Amino acid sequence: MSLDSVAGLNQWPIEYDEVFPYYEKVLVGIGLSGAHSDIHEGRHLMASSKSSSTDVDIKFSTWMGWRSRNFAVNPVLRRKLSGAHVVEGSIVYGIRENSGEVAEIEATDRFGETVTYRARTVILAAGTFGNTRILAGSDVAADLPQLGSGFVDHVSKRVAALSVTDWDRFRDFASHRRYKGVLCSPRLVPTERFVRRSTLLPSYAHFEFELPAESFPRQARDLLRARQANAKSPGLLSVLTCGVRDLPQLLESISKSIVKSQRPIFKSSNVYLRVDVQQPTRRESRLTWQNAGTPGKEVQLEWCVGAEENDSANAFGREVLAVLEDMNVGANTRELLPDAGFKDIFHMMGGTSMATSAMKGVVDTNLKVFGMDNVYVAGASVFPSGGLANPTFTALALAHRLGLYLESN
C-alpha cells in the first residue's frame with residue numbers, strides 16, 4: 001500500500017520547506033545546534049569501508065542529554081515560557097469559548113476540586129491521546145468529524161539474530177557513542193534511490209542488545225527496578241555472585257567503552273537486527289472517546305497493523321544483512337526471524353491532523369482548531385502521516401513555528 005493511497009487522510013497541507021527553517025531554530029533553542037550539526041555532517045567511522053550498495057546508507061540518530069530533553073528543567077525553555085501559564089497536575093475535560101474572545105478550560109485539580117481556567121489563547125500540548133481527549137469533551141467536537149482519525153505509530157520487529165565474530169570491530173560499528181553531551185546511535189537507512197524504486201514502506205534498521213537474564217548487569221538492573229516498585233527482586237546474594245563471575249567481562253567492556261566514548265556492550269549479549277517501519281495512514285485506525293466531557297470517559301483505540309509492515313521489515317532487513325556481510329562489520333547472520341512479532345515504539349501520531357478544512361482534519365495550517373478562534377494544538381497529534389523518524393524533532397519545529405505565528409498575530 002502506498003502512503004498516498006488513503007486520499008484525504010494523510011496529505012500534508014504545507015510543504016517541507018515551510019517547516020525546515022524551524023529545525024535549526026529548535027536546536028539553537030535547546031542548546032544543541034553545534035553538536036547536532038557536527039554529528040550529522042560527519043560520517044560514520046566505518047563509512048569508508050561501506051559496500052558498493054547504493055540501497056543502504058549509514059547515518060546517526062541523536063539523543064539529547066536528560067537536562068536538555070526534560071523540558072520541565074531545560075533552563076533555556078523555562079526562561080522562554082516564563083510569560084505563559086502551564087496547566088499541569090490537573091485533569092482537563094474540555095474547552096469552551098466565550099464569545100470567541102476567551103477560552104474556558106474545565107478541569108479537576110490534584111485535590112479533586114473542579115476548576116476553570118480562562119485564557120485568551122490556549123495551546124493544547126497533552127500528547128496524541130490527551131489532545132484528542134480534550135477536544136472530544138469540547139463544545140466544538142460535533143463539528144470535527146475527523147477528530148481521532150488517522151492514528152499511526154511506528155512498529156518495530158526483530159528480523160535476524162546475529163553472531164559476533166569480532167567484538168572490537170563490531171563495537172566500533174554498532175555502539176552508541178557520546179559527543180558533546182549528545183548520544184549518537186548508528187542507523188542503516190534506505191537511500192533515496194532505493195525508496196523511489198521500491199514498493200516497500202519506508203524503514204530503517206538498527207541493532208538491539210539483549211542481556212541474558214542470568215548476567216550481572218541484567219540482575220543488577222532488575223534489582224534496582226524491583227526496589228523502586230516495591231516488587232519481588234533477585235536476591236542481593238544472587239546479584240553479587242553474578243558480579244563476581246562476570247567481573248572480567250564487565251571490566252573489559254567498560255574500559256573499552258571509556259577509551260572510545262562508547263556505550264558498553266557485553267560479550268554475553270544476544271544481538272539482533274531490528275527494523276522500524278513507517279505505517280501507512282488507514283481510515284480504520286482511530287481514537288474514539290466514550291462519555292466525552294466526563295471524568296469517567298474511556299478511549300477506544302482501533303489500531304491496525306497490516307501485512308505491508310511485516311513484508312517491508314523483512315525485505316529491508318534482508319537488504320541490510322547483505323550489506324553488513326559485504327562490509328565485514330564483525331557479525332554474521334545466525335538466524336532469520338521472519339515470523340517475529342511487532343512491538344509498539346510509542347510514537348503515537350495523528351488524531352488532530354492538520355488539513356485545509358474541518359471535513360479533512362482538525363487543525364488548519366497554523367495549528368488552530370477548526371471552529372475555535374483561540375485554541376491551538378501542538379505535538380505529533382497534528383501529523384497527517386507518520387513519517388519514518390522519531391517525531392519529536394518535527395513536533396518541536398511545528399511548535400516553534402506556532403509560537404512565532406502567535407507572536408506576530
Side-chain angles (χ1 to χ4, degrees), residues 9-10 12-14 19 71-72 81 84-97 103-108 117 119 121-154 281 285-295 297-303 344 346-355 358 360-387 390-403 405-406:
L9 275 182
N10 61 331
W12 283 75
I14 59 175
V19 183
F71 294 159
L81 288 173
H85 177 69
V86 180
V87 178
E88 55 183 352
S90 299
I91 301 175
V92 177
Y93 296 123
I95 301 174
R96 65 177 181 269
E97 288 190 316
E104 296 184 343
I105 305 169
E106 301 169 350
T108 299
Y117 302 96
T121 302
V122 175
I123 301 173
L124 296 182
T128 292
F129 277 66
N131 289 340
T132 56
R133 178 181 60 80
I134 293 170
L135 289 179
S138 302
D139 52 13
V140 75
D143 299 322
L144 298 172
Q146 298 299 331
L147 180 63
S149 68
F151 177 86
V152 292
D153 201 339
H154 292 138
T281 310
S285 287
R286 63 180 298 121
L287 292 162
T288 304
W289 291 94
Q290 309 297 323
N291 304 316
T294 66
K297 59 186 169 184
E298 299 177 351
V299 64
Q300 178 181 347
L301 171 60
E302 300 173 34
W303 180 43
D344 178 15
F346 301 104
H347 289 170
M348 287 79 77
M349 296 164 279
T352 65
S353 298
M354 186 193 309
K360 294 182 178 180
V362 176
V363 300
D364 65 15
T365 55
N366 293 314
L367 307 188
K368 184 174 74 70
V369 177
F370 289 115
M372 304 187 90
D373 293 326
N374 49 11
V375 179
Y376 298 79
V377 178
S381 66
V382 305
F383 288 14
S385 63
N390 186 312
T392 303
F393 201 12
T394 299
L396 289 173
L398 289 173
H400 197 292
R401 176 175 174 268
L402 169 61
Y405 169 79
L406 293 175

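Residues take their numbers from the sequence shown, with the count starting at 1. Just so it is clear, the values below take in all heavy atoms, side chains as well, and ignore hydrogens, waters and symmetry mates. What you see is a predicted model; the values in this text were computed from it and never measured.
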[X] vs [Y] side-chain heavy atoms within contact, under 4.5 Å:
X	Y	answer
Val375	Glu97	yes
Met348	Leu287	no
Asn131	Leu135	no
Thr288	Val299	no
Val377	Val362	no
Tyr117	Val122	no
Ile91	Arg133	yes

Between Arg286 (side chain only) and Gln300 (backbone N and O only), is there a donor and an acceptor less than 3.5 Å apart? no
List the atom of [X], the atom of [Y], and the distance in Å for their closest heavy-atom pair.
X	Y	answer
Ala397	Val19	CB-CG1, 3.9 Å
Ser149	Ser353	O-OG, 4.0 Å
Lys368	Met372	NZ-O, 3.0 Å
Leu144	Gly361	CD2-O, 4.5 Å
Ala380	Ala395	N-CB, 3.9 Å
Phe370	Ala355	CZ-O, 3.5 Å

How far apart are the C-alpha atoms of Thr132 and Phe151, what are their side-chain angles, what is the distance that settles it, and do they pass the side-chain contact (heavy atoms from CB on, under 4.5 Å) test? CA-CA 11 Å; Thr132 56; Phe151 177 86; over 6 Å; no
Flag yes if more than 12 heavy atoms outside Leu301 fall under 6.0 Å of its CG atom; otherwise flag no. yes
Looking at Val369, Val363, Thr365, which one forms a side chain to side chain contact (heavy atoms under 4.5 Å, CB included) with Leu367? Val363
My understanding is that only one of Leu398, Thr128, Val152, Thr281 makes a side chain to side chain contact (heavy atoms under 4.5 Å, CB included) with Phe383; could you say which? Leu398
Which is it for His154 and Asn390 under the side-chain contact (heavy atoms from CB on, under 4.5 Å) test, yes or no, and what are the steps along the way? CA-CA 9 Å; His154 292 138; Asn390 186 312; over 6 Å; no
Begin from the C-alpha positions of Arg401 and Asn366 and carry the test side-chain contact (heavy atoms from CB on, under 4.5 Å) through to its verdict. CA-CA 8 Å; Arg401 176 175 174 268; Asn366 293 314; 4.3 Å; yes
Could you tell me the separation between the CE atom of Met354 and the OG atom of Ser385, rounded to the nearest 0.5 Å? 10.0 Å
Distance (rounded to the nearest 0.5 Å) between Leu124 CG and Ile95 CD1: 4.0 Å
